[in-house]
Q: 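Sending over a structure as structure tokens; questions will come in a sec.
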Amino acid sequence: RPRIFSGMQPTSDSLHLGNYLGALTNWVSLQDDYDALYCVVDLHALTVATDPALLRDRTRSTAAQYLAAGVDPARSILFVQSHVAEHAELAWVLSCHTGFGEAGRMTQFKDKSARHGSDGTSVGLFTYPLLMAADILLYDTNLVPVGEDQRQHLELSRNVAQRLNARFGPGTAVVPEPHIVKATAKIYDLQDPTAKMSKSAASPNGIIELRDDPKVVAKRIRSAVTDAGREIRFDPEGKPGVSNLLTIFAALTGRSIEALEGEYAGRGYGDLKKDLAEVVVDFLAPFQTRVSGYLEDPATLDDLLADGAERARALARETLERVYDRLGLLPAR
Ligand code: TYM
């Protein structure tokens, strides 16, 4: 069966609705048809300064949220990136086959380094996309389910894989395809619906965190910025606020945007927001109960992650040995 890999950074106690709708729900449905590996990419999170105890908690919390969303450890491999040393090993190899200019053209790097200056920007932030490419290539991944913001990083992974194949022969690396579901590829900030929902948002009121108090969540939805006029219509250009709410509503209920437009024809923004707040709270309450269940028993969670790491390591070792051999590194015997 074709292989899937994806991951999220444990840079917060809670994933947000963008992570959930842009990626995590797709991870869950793809498990039926693919062999999937889902990873908590804690090494990537080192690019953000974090208190060590907090990083550990967030790593478990992220894994618990994967499980609560429906990632099934009986079918998919669920693990923590730093538990499989091969990720960092392959990243080095890839960095030796990537141009400085090519890496420097990554827009996420350009944005972040512009904000923090060159001494405030770590070398790790620069090589971040190569660690990500290593995550993907290490498992001969065919498909990578992510949101729109990862498209350029995926393109870099593809270029590096193609370069390895050109230099060391076909089959050195599998060239991965992005899996980006258009309808939910970019969920927007509730206070600034032209910006993507992001952990580093200007105001916490614009983001819905999956582990937030449902009362706070409901309030944030009811106070979401809507647009001029009063018609409830899906029009991302003209009505970004309302369109974002319709996207979230449709994705969480499985209903179509057209059906929702019909239902809210002639009604006000307030009705839409009140109903959406209920939909989100109804989704979050059982989700949060499941997350708490996993976190109450960290020993079991850690066992599960150890088992995932062992399965991932076996696959990773094979790929890394193949690549090392193709590159001419002397086998250790
Ligand atoms: P991260 O942790 O920033 O985000 C995790 C996933 O959530 C998606 N996402 C969104 N989707 C829709 N709307 C949004 N507003 C939104 N915000 C975030 C992201 O596209 C992503 O799929 N570099 C990656 C982590 C990573 C990775 C990998 C992913 C490391 N190695 C290998 C895939 C394969 C990142 O920072 O994601």
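The shown structure was predicted, so the numbers you read here are calculated from the model rather than taken from an experiment. All ligand and atom numbering here is 1-based and tracks the order in the structure.
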Q: Please tabulate, for side-chain N and O atoms in residues 208-215, each donor-acceptor pair with protein atoms closer than 3.5 Å (sequence neighbours left out).
A:
| unit_1 | atom_1 | unit_2 | atom_2 | d |
| --- | --- | --- | --- | --- |
| Glu209 | OE2 | Ser12 | OG | 3.4 |
| Arg211 | NH1 | Asp13 | O | 3.4 |
| Arg211 | NH1 | Ser61 | OG | 2.9 |
| Asp212 | OD2 | Glu209 | N | 3.4 |
| Asp212 | OD2 | Arg220 | NH1 | 2.9 |
| Asp213 | OD1 | Lys215 | N | 2.9 |

Q: Does any donor atom in the side chain of Thr172 or Arg326 lie under 3.5 Å from an acceptor atom in the other side chain?
A: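 Yes, a side-chain donor-acceptor pair sits under 3.5 Å.
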Q: Which pairs with one or both residues in residues 282-324 pass ring pair (Phe, Tyr, Trp, His ring centres under 6.0 Å), sequence neighbours excluded?
A: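 Every ring pair (Phe, Tyr, Trp, His ring centres under 6.0 Å) pair that includes a residue of residues 282-324, provided the two are not neighbours, is Tyr20-Phe283, Phe283-Phe287.
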Q: Which donor-acceptor pairs under 3.5 Å do the side chains of residues 176-186 make with protein atoms, sequence neighbours left out?
A:
| unit_1 | atom_1 | unit_2 | atom_2 | d |
| --- | --- | --- | --- | --- |
| Glu177 | OE2 | Arg158 | NH1 | 3.4 |
| Thr184 | OG1 | Leu21 | O | 3.2 |

Q: Ignoring hydrogens and angles, state whether a donor on the side chain of Tyr269 or Asp227 is under 3.5 Å from an acceptor on the partner side chain.
A: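 There is no such pair (donor and acceptor under 3.5 Å, judged by atom type) between the side chains of Tyr269 and Asp227.
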Q: Under 30°, 30 to 60°, or over 60°: which ring-plane class applies to Phe109 and Phe126, parallel, tilted or perpendicular?
A: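 Judged by the thresholds at 30° and 60°, the geometry between Phe109 and Phe126 is perpendicular.
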Q: At less than 4.0 angstrom from any atom of ligand 1, which residues have a non-hydrogen atom? List them by chain and residue number.
A: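 Contacts of ligand 1 under 4.0 Å: Phe5, Ser6, Gly7, Met8, Gln9, His16, Gly18, Asn19, Gly22, Ala23, Val41, His44, Tyr128, Met132, Asp135, Ile136, Val144, Val146, Gly147, Asp149, Gln150, Thr184, Ala185, Lys186, Ile187, Lys196, Met197, Lys199.
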